[in-house]
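Only heavy atoms go into these numbers, but all of them, side chains included; no hydrogens, no water, no symmetry mates.
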Amino acid sequence: VYQIDALAEQFPQHGEEFVPEEEVNEIKVTEHLNDSLKVTFKKNPGIIAIIKTIYGKSWNPREFFWTIPADSAEFFKQKLEAANIDADYSSLDKFIEKIHKIENFNGVDFNIFADQNLYKHQEEGINFLVQPGLKGKILADDMGLGKTKQSICAALAELGDDLESKILVICPASLTLNWEREIKQVNPDDNVFVVRTTGKEAGWSDKKFQDAGWVIIGYSMMQKYEKQLLSIKWGVIIADEAHYLKNKKAIRTKVAIGQKGSKGVPHHDGILNNSGKNYLLTGTPITSRPIDMFNLLKACGHHLGNNAMYFGRRFCGAKQTQYGWDMGGATNLLELHAETRDVCLRRTKEECLDLPEKIRSIRQVEVDLVQYNKYWKDYLEMVEREGRVLMAEHLVMMNKLRQSAAIAKIPSSIEFLENCIENDQKAIVFTCFTEVADAIKEHFGEVAVKIVGGMSDAAKQKSVDEFQTNDAIKIMDGNII
């Protein structure tokens, strides 16, 4: 911009004096490295003179922009107004307003969660989510650090005494019951409506929706009930496993985040645009593939989520191929980290020294128990028909019930394990039934090993060694006994 203006001034049109078109000079500020602001504007000696009076300013001759310390924003505006610089200050005003909101934020009153025994890192995470300034926040903690509880507490703190607003949780279908249980653990009195995928209560219920303070729905059900989900302004929306939204072409992404209309492409409102605040939860190390972060930044109203092409060129090493733009790379990661500190928080288990050695949790899952119910009916009929039943027959039937329940949990177990792999973590699966171990091994193929009865000691040891030493092997499953 500077160079074009300078050339225009040096080379007037033939036979007449060049008169540049009059327009208000927009001063754009965005957050940059090391608590600084990137300042861009059309060349103006008055603005440049003011920037030069700011301690800590810097000029980037390669990319043609100034930086100033972030805490100088208000001083910068005061100087501009005092000098009667005619400019559009809206970007600067927005940043100053954001700073004031953050400065006036005193943190959450954790007395209301005194019975939750929150760890220090969880309190920090809750404050981060509730802190004002952006439409949404990304909580990218490691698995096991309590992202679910943090987001539940944050949502309750965010709404405070607002009893009218509802909270929406979007998550994989296998986690809906776990979310319901976690919500009830934090606030037993809350009314929760789970949009179930199977059973007598499957589907949407207007009555339950009206009565509920929380609504939980799986990603796979969003499109089906999109109209209902867009019918109200949500107080808070929590998107669990938010990396499910990384693919802009996926239907669930268009339903959740929306799609701008263009030639041949209809406009699509996103559910996440219809909320007061969005919490996006993911355990995936996003910076290993920055383009996966773009949609999440967009849902949070962050400035880096405004332009996909700029983001791709700046942080993804975008290059054009015969198949289109390849944005699978990673560049300028330090800058990306610096510019997203206000929107994304990631901690690892190693960083959270307040954690106990091991955390045990129970995950409830929704399963299809058709075969289980058949066995149970057969068992009751057998008892009623024969009266006295030998203990051995009881054990045989009980084992059939256990096995059918285990088989019914295979799909939800696979979904959980896929998430572990997505997070670049290893997992060990114990089962009493070889059929379950075989199904998991068959699904994951070369990234899994198994240890079951009938294998030689050498084969079992080989599986153990591969799991422990080969980073490509993510899953080990086998019999408990």
Note to self: Side chains of His243 and Asp292, heavy atoms from C-beta outward: is any pair under 4.5 Å?
What the structure shows: no

Next item on the list: Output yes when Asp477 and Lys450 qualify as a salt bridge under the 4.0 Å nitrogen-oxygen rule, no when they do not.
Entry: no

Notebook entry, point to check: Quick one: does Asn274's side chain have a donor or acceptor within less than 3.5 Å of a partner on Trp234's backbone?
Noted result: no

Check: Are the side chain of Lys319 and the backbone N or O of Asp326 linked by a donor-acceptor pair below 3.5 Å?
Finding: no

Next item on the list: Using the side-chain contact (heavy atoms from CB on, under 4.5 Å) rule, take Lys98 and Lys94 through it: C-alpha gap first, then chi angles, then the decisive distance, then the call.
Entry: CA-CA 6 Å; Lys98 173 183 171 182; Lys94 190 174 180 180; 6.0 Å; no

Checklist line | Pairwise side-chain contact, Phe193 with Ile217, heavy-atom cut-off 4.5 Å (strictly under) | finding: no

Check: Within the side chain of Thr331, is there an N or O that forms a donor-acceptor pair under 3.5 Å with the backbone of Gly317?
Finding: yes

Notebook entry, point to check: With no hydrogens and no angle check, do the side chains of Glu74 and His100 hold a donor and an acceptor under 3.5 Å apart?
Noted result: yes

Notebook entry, point to check: Between Phe110 and Phe113, how do the two ring planes meet: parallel, tilted or perpendicular, split at 30° and 60°?
Noted result: tilted

Margin query: Can you confirm whether more than 12 heavy atoms, excluding those of Lys409, are under 6.0 Å from its NZ atom?
Written below: no

Item checked: Lys246/Glu422 ion pair, N-O < 4.0 Å -> yes

Notebook entry, point to check: Do other residues, nucleotides or ligands put more than 12 heavy atoms under 6.0 Å from Lys120 NZ?
Noted result: no

Item checked: Asn127 (side chain) donor-acceptor with Gly107 (main chain) under 3.5 angstrom -> no

Check: How about Lys135 and Ser275: do any of their side-chain heavy atoms sit closer than 4.5 Å?
Finding: yes

Next item on the list: Please report the C-alpha distance between Phe315 and Thr340 in whole Å, then the side-chain angles of each, then the deciding distance to 0.1 Å, and finally whether the side-chain contact (heavy atoms from CB on, under 4.5 Å) criterion is met.
Entry: CA-CA 12 Å; Phe315 302 112; Thr340 56; over 6 Å; no

Item checked: Heavy atoms from other residues, nucleotides or ligands near NZ of Lys224 exceed 12 (cutoff 6.0 Å) -> no

Notebook entry, point to check: Cation-pi between Lys38 and Phe65: NZ/CZ under 6.0 Å from ring centre and within 45° of the ring axis?
Noted result: yes

Next item on the list: Answer yes or no on whether Lys426 is positioned over the face of Phe467, meaning its NZ or CZ is under 6.0 Å from the six-membered ring centre and within 45° of the axis.
Entry: yes

Notebook entry, point to check: Can you tell me if Lys349 uses its side chain to pair, donor with acceptor, with the backbone of Met143 under 3.5 Å?
Noted result: yes

Notebook entry, point to check: Can you check whether Asn247's main-chain N or O pairs, donor with acceptor, with Thr253's side chain at less than 3.5 Å?
Noted result: yes

Next item on the list: Could you tell me how the ring of Trp66 sits relative to the ring of Trp59: parallel (under 30°), tilted (30 to 60°) or perpendicular (over 60°)?
Entry: tilted

Next item on the list: Please test Val194 against Trp214 for side-chain contact (heavy atoms from CB on, under 4.5 Å), starting from the C-alpha separation and ending with a verdict.
Entry: CA-CA 8 Å; Val194 180; Trp214 293 76; over 6 Å; no

Checklist line | Side-chain donor-acceptor pair present, Thr148, Glu182, cut-off under 3.5 Å | finding: no

Check: Do you know the tightest heavy-atom contact between Leu333 and Pro290?
Finding: CD2-CG, 3.7 Å

Next item on the list: Give the minimum heavy-atom separation between Ala212 and Val192, together with the two atoms involved.
Entry: CB-C, 4.4 Å

Notebook entry, point to check: Just wondering, do His302 and Cys344 contact through their side chains at under 4.5 Å, heavy atoms?
Noted result: no

Check: Which heavy-atom pair separates Lys298 from Ile257 by the least distance, and what is that distance?
Finding: CD-CG2, 4.0 Å

Margin query: Given 3.5 Å as the limit, does a donor-acceptor pair link the side chain of Lys147 with the main chain of Asp141, or not?
Written below: yes

Next item on the list: Could you tell me which non-hydrogen atom of Leu417 sits nearest to which non-hydrogen atom of Ala427, and how far apart they are?
Entry: CD2-CB, 3.7 Å

Next item on the list: Calculate, to the nearest 0.5 Å, the distance between atoms CD and OG belonging to Glu241 and Ser174 respectively.
Entry: 8.5 Å

Check: Closest approach of Ala154 and Tyr279, non-hydrogen atoms and distance?
Finding: O-OH, 3.3 Å

Notebook entry, point to check: Tell me, do Phe75 and Ile68 make a side-chain contact under 4.5 Å, heavy atoms counted?
Noted result: no

Notebook entry, point to check: When you check the gap from the basic side-chain N to the acidic O, do Glu63 and Arg314 get nearer than 4.0 Å?
Noted result: yes

Margin query: Here's one to test your reading of the geometry: is the NZ or CZ of Lys474 within 45 degrees of the ring axis of Phe444 and under 6.0 Å from its centre?
Written below: no

Note to self: Keeping Asn332 on the side-chain end and Glu335 on the backbone end, is there a donor-acceptor pair under 3.5 Å?
What the structure shows: no

Check: Taking side chain as C-beta onward, heavy atoms only, is Ile183 less than 4.5 Å from Ile167?
Finding: no

Check: Does a side-chain heavy-atom distance below 4.5 Å link Phe209 with Lys166?
Finding: yes

Check: Is the number of heavy atoms from other residues, nucleotides or ligands within 6.0 Å of CD1 (Ile112) greater than 12?
Finding: yes

Item checked: Gln122 to Leu145 - nearest heavy-atom pair and separation -> NE2-O, 3.4 Å

Next item on the list: Take Leu177 and Arg196, measure what side-chain contact (heavy atoms from CB on, under 4.5 Å) needs, and give me the verdict at the end.
Entry: CA-CA 9 Å; Leu177 295 183; Arg196 303 184 186 278; 2.9 Å; yes

Checklist line | Gln223 CD: over 12 foreign heavy atoms closer than 6.0 Å | finding: no

Item checked: Distance-only side-chain donor-acceptor flag, His121 / Glu351, under 3.5 Å -> no

Checklist line | salt_bridge(Glu180, Lys184) N-O dist < 4.0 Å | finding: no

Note to self: Test your reading of the model: is there a side-chain donor-acceptor pair from Lys137 to the backbone of Phe128, 3.5 Å cut-off?
What the structure shows: yes

Check: Taking atom NZ of Lys28 as the centre, does the number of heavy atoms from other residues, nucleotides or ligands within less than 6.0 Å exceed 12?
Finding: no

